[in-house]
Q: 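Structure below; questions to follow.
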2 protein chains.
Amino acid sequence: MSLRIALLGLLEAVGPASGYDLTKKFEHSLNHVWQAGHTQIYPELVKMAADGLVEASSEGVRGRKIYTITSEGARQLHTWLVEHEPVFVVRNETALQAFLLPLLSTEEAIAVVERIKAGYAARLAVLDCQPADLGQYALRLGLAQVRTGLEWAEETLAALRSR
Amino acid sequence: MSLRIALLGLLEAVGPASGYDLTKKFEHSLNHVWQAGHTQIYPELVKMAADGLVEASSEGVRGRKIYTITSEGARQLHTWLVEHEPVFVVRNETALQAFLLPLLSTEEAIAVVERIKAGYAARLAVLDCQPADLGQYALRLGLAQVRTGLEWAEETLAALRSR
DNA sequence: CGGTACATGTAAGACGTTACATGATTCA
DNA sequence: TGAATCATGTAACGTCTTACATGTACCG
């Protein structure tokens with residue numbers, strides 16, 4: 001469902017696009033929100049066309065297919081955006097590592113948290129030089145979450161070191 | 001992989017347990033880190049036993065089966081905890097909603113962010129009365145992330161209202 | 001004796017990843 | 001002409017959800 005919404009949202013926001021274009025959008029502007037590769041996107045667009053949510057133009061240069069959102073697609077997107085209830089399904093490998101830190105020695109735990117900290121820092125660097133055109137609100141949320149992770153790593157290192 | 005790690009970690013931390021016990025742990029102490037229901041946990045334990053990571057005792061009362069982590073299981077758990085590289089795969093429906101907020105009218109966007117804010121507040125209430133025995137570090141991280149989400153909602157509401 | 005919690009499972013389908021496969025265009 | 005990028009797809013496999021299915025023990 002969410003993949004559909006993301007694709008509809010991009011088509012609504014940036015206008016008609018190919019599967020290839022949409023894949024690039026996922027890599028660059030949507031990557032801190034949702035992830036999908038072309039092997040998931042191409043078949044989904046075909047199904048969405050079958051369901052009347054998008055329309056495919058005839059093939060252009062290099063077999064390029066341009067998809068356009070339909071009014072039914074726009075309607076379903078709007079309904080989802082306005083009515084979707086927030087669900088908190090968390091599946092976070094880093095948090096799992098953090099959960100199990102007490103099973104490690106202090107030295108091992110410090111090394112692990114150092115690595116996590118470096119990961120958050122790298123992530124922050126990526127988000128910091130991200131254009132804030134569409135998705136400005138989500139980018140702020142993403143930045144805040146990553147900074148929180150970085151702070152957690154610093155506090156946890158301090159706690160482990162004073163043990 | 002991560003489901004295995006979570007199960008091995010619980011068995012290592014709390015000692016031998018049944019699939020039912022582990023399912024309850026997922027519901028109560030691991031729910032802000034990883035999620036899995038009994039329909040995923042029972043078959044996974046069978047596979048893990050086949051792979052020599054856990055051992056099942058003969059059946060107890062009410063068909064209860066107690067699993068114990070093996071030394072090979074403990075070894076693989078330790079290796080993962082120490083060597084796992086952080087990956088940032090984000091698939092966050094709330095962030096997707098936030099990403100697409102600009103497609104809504106100000107009134108609609110405010111209503112959506114109010115709902116998200118209430119969701120974060122409810123989540124915070126759940127985490128706040130969570131025992132911090134095992135998983136103390138992850139709980140701190142979870143709490144910090146939820147508070148950050150709540151702050152983001154408040155700032156975003158302020159920005160939308162002054163528009 | 002009836003409801004709740006205990007306790008385990010299977011199966012279908014949706015969703016996501018990785019590997020494989022193909023061909024066109026552009027630019028150095 | 002060779003490499004990079006554009007552009008699309010399939011198939012196998014793994015993970016996760018939902019629905020179905022069954023039976024035991026305890027407590028009021």
Side-chain angles (χ1 to χ4, degrees), chain A residues 1-8 10-11 16-28 30-31 33-51 53-54 56-67 80 84-85 87-93 96, chain B residues 1-8 10-11 16-28 30-31 33-51 53-68 80 84-85 87-93 96:
Chain A
M1 195 62 235
S2 296
L3 175 58
R4 272 183 180 215
I5 297 300
L7 291 169
L8 289 173
L10 285 175
L11 289 174
S18 68
Y20 189 85
D21 296 336
L22 294 166
T23 302
K24 293 294 158 192
K25 284 280 172 196
F26 267 85
E27 277 170 27
H28 299 118
L30 215 63
N31 67 89
V33 165
W34 205 265
Q35 256 146 292
H38 81 276
T39 60
Q40 213 186 340
I41 291 169
Y42 290 136
E44 187 65 28
L45 285 168
V46 170
K47 280 189 230 161
M48 287 163 76
D51 292 345
L53 307 178
V54 296
S57 74
S58 56
E59 304 200 354
V61 70
R62 271 185 287 199
R64 186 177 167 87
K65 292 179 195 170
I66 303 294
Y67 289 92
W80 188 91
H84 180 70
E85 291 290 335
V87 280
F88 287 85
V89 185
V90 184
R91 233 167 235 125
N92 184 336
E93 289 193 350
L96 179 56
Chain B
M1 194 64 233
S2 296
L3 175 58
R4 275 187 177 210
I5 297 300
L7 291 169
L8 289 173
L10 285 176
L11 289 173
S18 67
Y20 188 86
D21 296 335
L22 294 166
T23 302
K24 292 293 158 195
K25 283 281 172 195
F26 267 84
E27 277 169 28
H28 298 117
L30 215 62
N31 68 90
V33 164
W34 205 265
Q35 256 146 292
H38 81 276
T39 60
Q40 213 186 339
I41 291 169
Y42 289 138
E44 187 65 28
L45 285 168
V46 171
K47 281 189 230 160
M48 287 163 75
D51 292 344
L53 306 179
V54 297
E55 270 171 3
S57 75
S58 56
E59 305 201 354
V61 71
R62 272 183 289 194
R64 186 177 166 86
K65 292 179 195 170
I66 303 295
Y67 288 92
T68 308
W80 187 90
H84 180 68
E85 291 290 335
V87 280
F88 286 85
V89 185
V90 184
R91 231 168 238 125
N92 184 336
E93 288 192 351
L96 179 56

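Reckoned from all heavy atoms, side chains included, excluding hydrogens, waters and symmetry mates. Throughout, protein chains are lettered first and strands after them, A, B, ... in sequence-line order, and every chain is numbered starting at 1.
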Q: Output, in order, the C-alpha distance, side-chain angles, deciding distance and verdict of side chain to side chain contact (heavy atoms under 4.5 Å, CB included) for B/Val90 and A/Val33.
A: CA-CA 6 Å; B/Val90 184; A/Val33 165; 5.8 Å; no
Q: For A/Asp21, is there an ion pair with A/Arg64 - N to carboxylate O distance below 4.0 angstrom?
A: yes
Q: Taking atom P of C/dG16 as reference, at what distance in whole Å does atom CG of A/Leu30 sit?
A: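 Result: 13 Å.
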Q: Between C/dA7, D/dT8, C/dC15, which nucleotide gets closest to the side-chain atoms of A/His38?
A: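 Among the listed nucleotides, the one closest to the side chain of A/His38 is D/dT8.
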Q: Classify the side-chain pair B/Glu55/B/Thr68 by whether it contains a donor and acceptor separated by less than 3.5 Å.
A: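 There is no such pair between these side chains.
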Q: What is the distance, to the nearest angstrom, from the CZ atom on B/Arg62 to the C1' atom on D/dG23?
A: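 Going from CZ in B/Arg62 over to C1' in D/dG23 covers 11 Å.
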Q: Whole angstroms only, please: what is the CD-P distance between B/Gln40 and D/dT18?
A: 12 Å
Q: Between P on D/dC16 and CG on B/Leu7, what's the gap in Å once rounded to a whole number?
A: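 In whole Å, D/dC16 P lies 11 Å from B/Leu7 CG.
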Q: C/dG9 phosphate, OP1 or OP2: any side-chain N/O from B/Tyr42 under 4.0 angstrom?
A: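 Checking C/dG9 against B/Tyr42, no side-chain N or O comes under 4.0 Å of OP1 or OP2.
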Q: Within the pair A/Arg91 and C/dG16, is there a side-chain N or O less than 4.0 Å away from OP1 or OP2?
A: no
Q: Mapping B/Lys24 and B/Tyr67 to their closest nucleotides on DNA chain C, which lands nearer the 5' end?
A: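 Of the two residues, B/Lys24 wins.
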Q: Side chain of B/Thr39, base of D/dT18: donor and acceptor closer than 3.5 Å?
A: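 Side chain to base: pair present.
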Q: Regarding A/Ser18, tell me which of base, sugar-phosphate or nothing describes its non-hydrogen contacts under 4.0 Å with the strands shown.
A: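 Sugar-phosphate only.
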Q: Round to the nearest Å and state the distance from A/Ile41 atom CD1 to C/dT17 atom C1'.
A: 13 Å
Q: Counting heavy atoms from C-beta on, name the nucleotide in D/dT8, C/dA7, C/dT17 closest to the side chain of A/Arg64.
A: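 When the side chain of A/Arg64 is considered, D/dT8 is the closest of D/dT8, C/dA7, C/dT17.
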Q: For B/Gly63 and for A/Asp21, find the nucleotide of DNA chain D with the closest heavy atom, then tell me which residue's nucleotide is more 5'.
A: A/Asp21
Q: On DNA chain C, compare the nucleotides closest to A/Glu44 and B/Pro43; which residue's is nearer the 5' end?
A: B/Pro43
Q: Return yes if some donor-acceptor pair links the side-chain N/O of B/His84 with the main-chain N/O of B/Trp80 below 3.5 Å, else return no.
A: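 No; zero donor-acceptor contacts below 3.5 Å.
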Q: Specify the separation, in whole Å, of atom CD of A/Glu93 and atom C1' of D/dT15.
A: 12 Å
Q: Got A/Tyr67 and A/Leu10 here, is their nearest side-chain heavy-atom distance under 4.5 Å?
A: no
Q: Using atom CG of A/Leu22 as one end and atom P of D/dA7 as the other, report the distance to the nearest whole Å.
A: 12 Å
Q: How long is the line joining NZ of A/Lys25 and P of D/dA7, in whole Å?
A: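 So the two atoms are 14 Å apart, to the nearest Å.
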